[in-house]
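Below, read A as the first sequence line, B as the second, and so on, with proteins coming before strands; counting in each chain starts at 1.
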Amino acid sequence: MPPKRKAVGAPQAGVAKAGRTSALSTPGPATPRSLESSFQSDGDDDLNDDDVDEVIKRKEEVIAREADEFVNTWAVDSSRFQARQDGGGSHRDGATQFFGSGKRDFSYLNLKPDHDQKPLWIDPEKGTIILEKFSPDADRVTDFLVTIAEPKSRPHFLHEYQLTAHSLYAGVSIGLQSKDIIDTLDRFLKTPLPESIRLFIESCTKSYGKVKLVLNNNKYFVESSDAELLQKLLRDEVIGKWRVQGSGDITTSYAPTMGGLVIPGTKDAAGVNQAGLNKSGNKKTAEDGAADAAATNEADLYAAINEEDDEDDKDAVHAFEIPETAVEIVQRRCLDLGFPILEEYDFRNDSNNADLEIDLRPNTQIRPYQEQSLSKMFGNGRAKSGIIVLPCGAGKTLVGITAACTIKKGVIVLCTSSMSVVQWRQEFLKWSNINPDDIAVFTAESKNKFSGNTGIIVTTYSMVTNNRERSHDSKKMMDFLKSREWGLMLLDEVHVVPADVFRRVISSIKSHSKLGLTATLLREDDKISHLNFLIGPKLYEANWMELSEKGHIAKVQCAEVWCPMPTEFYDEYLRANSRMKRTLYAMNPRKFQACQYLINYHEARGDKIIVFSDELYSLKQYALKLNKVFIYGGTGQAERMQVLENFQHNPQVNTLFLSKIGDTSLDLPEATCLIQISSHFGSRRQEAQRLGRILRAKRRNDVGFNAFFYSLVSKDTQEMYYSSKRQAFLVDQGYAFKVITQLANIENTPDLAFATAQERRELLQRTLVDNEKGAEDDVETDDLFGKVGRGRGGAKGRAAAVRRMAGTLGELSGGQDMAYIEQNKAANKGLKKKGAAKAEQSAFFKKLQREKERSRALARQG
DNA sequence: AAACGAGTAA
DNA sequence: TTGCATACTCGTTT
């Protein structure tokens, strides 16, 4: 009898919380979870005891290795590892979830005799592929899998991929054939390739990539080398009626030759560029070009593609025209019919659009994964539209710029904020030799075109999408943008923009190819699938773990710190509405202490620390109490710059507090430690984005360097649940979250805040009073900061609120107001130059007050 | 001119 | 499950 299937990969698996579907569900509020239980499964799998022991033993080894200095320092609880050993019972490991539960037992599939040499498993029903990452073939196979399947979960030792229609489509689009895919898969499987999978692959690949959408002379054409297929589409009720009449029936031409395309910035590019061959020269064969571009060690996998390319040259292509307005309809219809339209731009043979003079600066070398992602885009010598997923700090911008340098036509770059508009322009100037006159910015402030007859425009989504009243200059600029054909549309941060916005952007601006860039192709809604046909398939998705192992991004230690709620806080928490709940678990004094402790610890180590809080009230309170600088939405532009500048260069300023403003719209200096005290529900994207803020760390290649990511969570609250949701993405990327329940010697922290019960009660009262909404309704003004601005009756409303609360809480001293105002000597102030200090300070407070008033007015309406 | 505020959209 | 931050435009102030 063959060994039990599920045991095979198991010994190697095992990081804390490996895999999204693992049984480590975090219970909801008021359901305390003991540390021990968090490492046990629900007991619904059926490993036998021998297996279990073996699994546990190996797992312990892995975990022990990973339990590094930072956890041990605080002696979190070395008992927790022990506890798990004693735990006995059933455990889940990386593999069990795929092979467990009797329903999906695939032991009927016969193992190949040399199965232990093979790295892949497959689920014949669902098309899920499991890769044993420790196999000698793993590296070669990984690249193949990334090409034909969606990465779903990639912890250290077992990777899960999913075969989907889209993923196969992407594979075909870079030139793989059914046969290549089936043969290669079969070669690396432990079992013979199931018939169901073979049929699935064949049915998908047969029709995929056969139809193309081509923009030519400002007109759109549906193109295919298969005349019969085109006829079939024309007979379709939806597509047929959109054919532009009078443009002849079906036009026939010949596919252009492939030539030897070299992506600039690759090792090979230098010489070719010098000789001026990269554009027109055909000295190199297509095979060379593609192989160089791929720069992978599995030339054999790609050989088939290249042979195919050569034959392509003689193929006749047929096309019919469709109107601009019907592009999306036809695209969608084709997808439904099972012939997804591929968008390709044969930029080297486009003589209608002026060439742009742009190249990467001579000494620029792009990294292997950047090269690899671009090779997916330019795999067959043309530019394919699609999305490239790279973690923040891994050089998305450079990928975009390199794509622009390869295409060398007009480029339009779309960003989410005007900050990043400026950055994109700077990056272009930094990495490429583009003439500064040829790259223009289109925002509210600047509406200049480039000087030549082609160039680069950098703008925001809202600028292009805006339907409302426009300034005269904007209107003129939009007409200009709409009137011409762009070679490349670069879409930054594609995940944040709603599908409808894309629709408008794409329908109003004509571009030959579109490249979407993002760090996290994730949304909590289902809109992400729209991107598939609005922009194109996912061309490449980097593996975070691999990048950090190779030193391209920093290694990160992730930890979740569980902070108990003092009883009086918890009582209020149970009683409070959801708004107040959020405030309360952020203001948990134990959390505050943990935060203080971690800041102390990491400042002493020389880390630069960013603390995130989505909850504005607690953000301010934390920052003021700890005397740290902070930035939130209401912080003026000048002050922001000043604070960031200081955080970056001033050795006295090592900790910065940020609202969610820091998620997207700030160009943050490098940090090496990150603490979250409050976050946005279960947003996986936010979690990933925040983690990304420390991946850039320059010290990442120092021996033993780690960046740190802490999530502070109030125990037994909603946060526990959200936290587990938020981590799902990172866990899939292979990050292990360690749970810390106790910070060693925290009580010895100098000036530990809220150390006495008295202080904690005061904190609670103040929190309740300050956030008491109802009390403000019948009061005219309620300035947070006394007599600023209008200056009447400021304290009156507060006093009323205080009195009301006093009824329920008891003991409130009259001096509290004073203490509160006293505290608002923001650390930010210390940064200001003497002269300006006073004026800016009062402006700051004025702004705060106005903001407060506005939100109150809003609350009253609603 | 530059900076700021209000209003609106998404 | 909800609230926050932004971009843009126009009009007003310094």
Side-chain angles (χ1 to χ4, degrees), chain A residues 28-29 414-422 441-447 458-475 477-478 492-493 496-505 523-525 527 576-586 612-620 630-641 658-667 678-686 689 717-723 725-726 771 773 789 836 839-840 842-844 846-859 861-862:
Chain A
L414 293 159
C415 319
T416 45
S417 79
S418 53
M419 277 280 304
S420 49
V421 169
V422 175
V441 162
F442 174 41
T443 55
E445 291 122 47
S446 151
K447 295 169 174 104
V458 190
T459 182
T460 63
Y461 289 104
S462 62
M463 208 68 198
V464 175
T465 324
N466 206 342
N467 275 339
R468 289 180 304 129
E469 198 64 16
R470 284 178 171 285
S471 65
H472 180 69
D473 287 345
S474 289
K475 214 173 280 167
M477 191 65 172
M478 274 309 292
D492 195 22
E493 310 285 353
V496 286
V497 186
D500 293 345
V501 173
F502 276 119
R503 213 159 264 140
R504 266 143 76 191
V505 168
R523 295 169 68 111
E524 302 308 322
D525 57 29
K527 298 259 172 64
N577 61 29
S578 63
R579 175 77 187 77
M580 185 63 94
K581 275 194 165 78
R582 254 162 66 82
T583 311
L584 281 173
Y585 56 66
F612 274 104
S613 170
D614 264 23
E615 219 278 316
L616 280 185
Y617 179 77
S618 54
L619 175 83
K620 290 174 202 161
F630 66 98
I631 296 178
Y632 73 109
T635 312
Q637 207 54 237
E639 196 179 345
R640 283 184 199 185
M641 301 300 260
L658 291 177
S659 72
K660 68 192 215 173
I661 193 178
D663 292 344
T664 49
S665 30
L666 283 181
D667 185 29
S678 160
S679 38
H680 186 80
F681 301 99
S683 169
R684 294 171 289 165
R685 186 179 60 75
Q686 190 184 47
Q689 208 140 27
T717 67
Q718 286 260 280
E719 265 192 315
M720 297 287 278
Y721 166 72
Y722 291 137
S723 177
K725 291 200 83 143
R726 291 167 61 79
N771 292 284
K773 277 270 151 56
E840 275 189 52
S842 85
F844 174 58
K846 252 194 248 171
K847 192 168 279 175
L848 264 180
Q849 182 212 348
R850 264 192 304 274
E851 195 191 334
K852 185 92 181 167
E853 264 167 30
R854 209 183 314 145
S855 73
R856 193 146 29 87
L858 274 173
Q861 284 163 23

Applying a 4.0 Å non-hydrogen cut-off, can you work out what A:Tyr722 is touching in the nucleic acid: base, sugar-phosphate, or nothing? base
Set out, in order, the CA-CA distance, both residues' side-chain angles and the distance that settles side chain to side chain contact (heavy atoms under 4.5 Å, CB included) for A:Met478 and A:Asn466, then state yes or no. CA-CA 10 Å; A:Met478 274 309 292; A:Asn466 206 342; over 6 Å; no
Just how far, in rounded Å, is C1' of B:dC4 from CD of A:Glu639? 16 Å
For the pair A:Arg470 (side chain) and A:Lys475 (backbone), establish whether a donor and an acceptor sit closer than 3.5 Å, ignoring hydrogens and angles. no
Starting at CG of A:Asp500 and ending at P of B:dA10, how long is that distance when rounded to a whole Å? 10 Å
Pick the closest DNA chain C nucleotide for A:Ser578 and for A:Ser659 by heavy atoms, then say which residue is nearer the 5' end. A:Ser578
Length of the line joining A:Lys725:NZ and C:dT1:P, which is rounded to integer Å: 11 Å
Pick out which of A:His680, A:Gln689, A:Gln686 makes a side-chain hydrogen bond (donor to acceptor under 3.5 Å, both in side chains) with A:Asp663. A:Gln686
Using a cut-off of 4.0 Å between protein heavy atoms and nucleotide atoms, how would you tag nucleotides 6-12 of chain C 5' to 3' with B, S and -? SSBSS--
Between CG of A:Asn771 and C1' of C:dG3 the distance, given in whole Å, is 13 Å
Separation of atom CG in A:Leu616 from atom P in C:dC4, rounded to whole Å: 5 Å
Can you check the A:Gln637 CD to B:dG5 P distance for me, whole Å? 13 Å
Measure the shortest side-chain to side-chain distance between A:Lys447 and A:Met463 over non-hydrogen atoms and say whether it is less than 4.5 angstrom. yes
Among all residues two or more places apart in sequence or in another chain, which pass the side-chain contact (heavy atoms from CB on, under 4.5 Å) test with A:Arg640? A:Ile631, A:Thr635, A:Gln637, A:Ile661, A:Leu666
What contact category does A:Thr465 fall into here, base, sugar-phosphate, or nothing, at under 4.0 angstrom with non-hydrogen atoms? nothing
Could you pull out all residues at least two apart from A:Met641 that satisfy side-chain contact (heavy atoms from CB on, under 4.5 Å)? none
Tell me whether the OP1 or OP2 atom of B:dA9 has a side-chain N or O from A:Arg504 closer than 4.0 Å. no
Lys/Arg cation over aromatic A:Phe681: A:Lys725, 6.0 Å, 45° cone: no
Please give, in whole Å, the distance from C:dA5 C1' to A:Asp667 CG? 17 Å
Could you state the atom-to-atom distance from CD of A:Glu615 to P of C:dT2 in whole Å? 15 Å
